[in-house]
Each structure stands twice: as C-alpha cells, then as structure tokens.
Amino acid sequence: MARRKKVYEGKAKILYEGPEPGTLVQYFKDDATAFNAEKRATIEGKGVLNNRLSEFFMTGLNAIGVPTHFIRRLNMREQLIRAVEIIPLEVVVRNVAAGSISKRLGIEEGTALPRPIVEFYFKNDELGDPLVSEEHIIAFGWASQQDMDDMVSLALRVNDFLSGLMLGVGIKLVDFKIEIGRVWDGDYMRLIVADEISPDSCRLWDIDTGKKLDKDVFRRDLGNLADAYTEVARRLGVMPQGPTGVTKPTLIN
Ligand code: TMP
C-alpha cells in the first residue's frame, strides 16, 4: 500500500490524508506528555485505549444529535474523521474544582462548583495555552459571537452527556477539554466536536474512593496510566482486547 501523506503530527496523535476529500485518518500514539511536553513517556496501549474510548464517546454524542468529526473506527489505532478547520481554542468545562482553577483561584481540589464553568484557552504551545476571555476571542477574530454561543452550547451538551455516562459507572466527571472545528456544507458553516475525548483530556474520579482514573495519574506520578484507562474502558464496556468469550478449548465434531 502506498504510504499515506502525513498532514499533521501532534503530541498524542497523527493525522493522515483520508481516502476521500474532506476526510482524515486520525492515528493515536502511545506517547503521553504533560506540562506542555516538559514531561514525556511512552505508555504501551494508551493509543489503543484512547482510540476506542474516543470512538465510544463520539458515537454516543452523534447518536444524541451532538455533531462530531467521528465517522468510523478503522483499526486498533486509527479512526476515519471529517476534516475540520480547528478553532484555535481549548474549551474546558469544569464541574468540580481541580488543576489550574484550583491553583489560579485558590479553590481546594474537589470543591463542587456552583454550576458548570466553561473556559477558553488559546491553543499556542509557545505561550503555554493561556486562559482567554470572550473579549480576546472576538477582538482577535478567533471566533465570532455566534461561534461563542454555539461553542458554549456544544460544550454543555457534551458535559451533560459525559457526566451522565460516567455517573452510571461510578465515575465523577470533574472536568474535560474539547476542541471544536468548522465544517462547510456549501455556504453553510457549522461547528462540530473534533480532536478526541478520552481520559487524556478529562478528569475522572471514582465516586466512592476518589481514585484518579485519568491523565493526572501520569502528571502526578500516581501509578500506571494504562491500568487507569483500562479501568475506565472496562466499566464502560469498551474492551480494547475484546472479550473473546472463549474460556477453554472445546472439541469440534
Ligand atoms: P487544567 O485544570 O490543567 O486547566 O485542565 C482542565 C482540563 O483540561 C483537564 O480535564 C485536563 C484537560 N487538559 C487537556 O486536555 N489538555 C491540556 O493541555 C490541558 C492543560 C488540560
């Protein structure tokens, strides 16, 4: 097979040209980074888990009418996605204080927030993805007022969907980050959820024990990251190895 053309390589994923115009192949690497890639490791199996988990979340979102870039999974590490023009913002939704909001505002980690808080960070590694306000976003033309309204509404719908899904398997959705892209159907532009949704981009705490089941395990050296992600996948019924159903050899007559 002819080698596909690489379109983009990020810290955890690679994008290749897709089989048809307007599509891309998204490949999930085993690389983990934190603190703007100051900390790096390769975690065997992480890419396979995130490919499956992102498929699971995006398929569910598509099914309830929240548009995403996901078309279908191709294999263990790759999925076919719609090509989008990524808006250069990380959209974070927080239900419980943790991470940077706790640091910035002095709120103890684990404090429930009075309502979900939506934040925007400018995607720029050199600047360390700074927090920005709606004023900055509109003044600098990264998104319009209409885009902002649509992004907040998408982010809150994703929050409700993921929170409910996680609650059902004994996990608290503390916060998460999504990226949003533009697609055009003729002259009509709309925004859809893009990139990935996985434990790399969420904070997930076990409801009973508070145990962390997300990338903080890597950021804070709390144990084995692949084990934590496997636990999330197992609870959600997403099994990367696939339950074979075969427990012992059987005679075939
Ligand atoms: P923060 O508390 O560090 O701002 O992170 C908020 C959420 O966003 C958390 O679920 C982790 C996720 N996140 C990313 O996916 N990528 C990033 O680069 C950062 C800083 C956070």
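Quick caveat, the model's predicted, so the values are computed rather than measured. Order of listing sets the numbers, starting from 1, for every ligand and every atom in it.
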Backbone, side chain, both or neither: what part of Ser100 comes under 4.0 angstrom of ligand 1, heavy atoms only?
-> both
Quick one: does atom 20 (C) of ligand 1 have a protein heavy atom under 4.0 Å from it?
-> no
For the pair Phe122 and Trp142, name the ring-plane relationship: parallel under 30°, tilted 30 to 60°, perpendicular over 60°.
-> parallel
Ligand 1 versus Arg219: contacting region, heavy-atom distance under 4.0 Å | side chain
Please list, chain by chain and in numerical order, all residues satisfying salt bridge (charged side-chain N to carboxylate O under 4.0 Å, His left out) with Arg235, sequence neighbours excluded.
-> Asp206, Glu231
Among all protein heavy atoms, pick the one closest to atom 7 (C) of ligand 1 and tell me residue, atom and distance.
-> Asp175 OD1, 3.7 Å
Give the residue, atom name and distance (to 0.1 Å) of the protein heavy atom nearest atom 5 (O) of ligand 1.
-> Arg203 NH1, 3.5 Å
Is the closest side-chain heavy-atom distance between Gln79 and Leu74 below 4.5 Å?
-> no
Do any heavy atoms of Lys123 fall under 4.0 Å from ligand 1?
-> no
Report yes if the side chains of Phe56 and Leu165 come closer than 4.5 Å at any heavy-atom pair, otherwise no.
-> yes
Do Arg203 and Asp175 sit within salt-bridge range, that is, some charged N less than 4.0 Å from a carboxylate O?
-> yes
Record the part of Lys215 in heavy-atom contact with ligand 1 below 4.0 Å; permitted values are side chain, backbone, both and neither.
-> neither
Residue and atom name of the nearest protein heavy atom (relative to atom 17 (C) of ligand 1), distance in Å to one decimal = Glu90 OE1, 3.7 Å
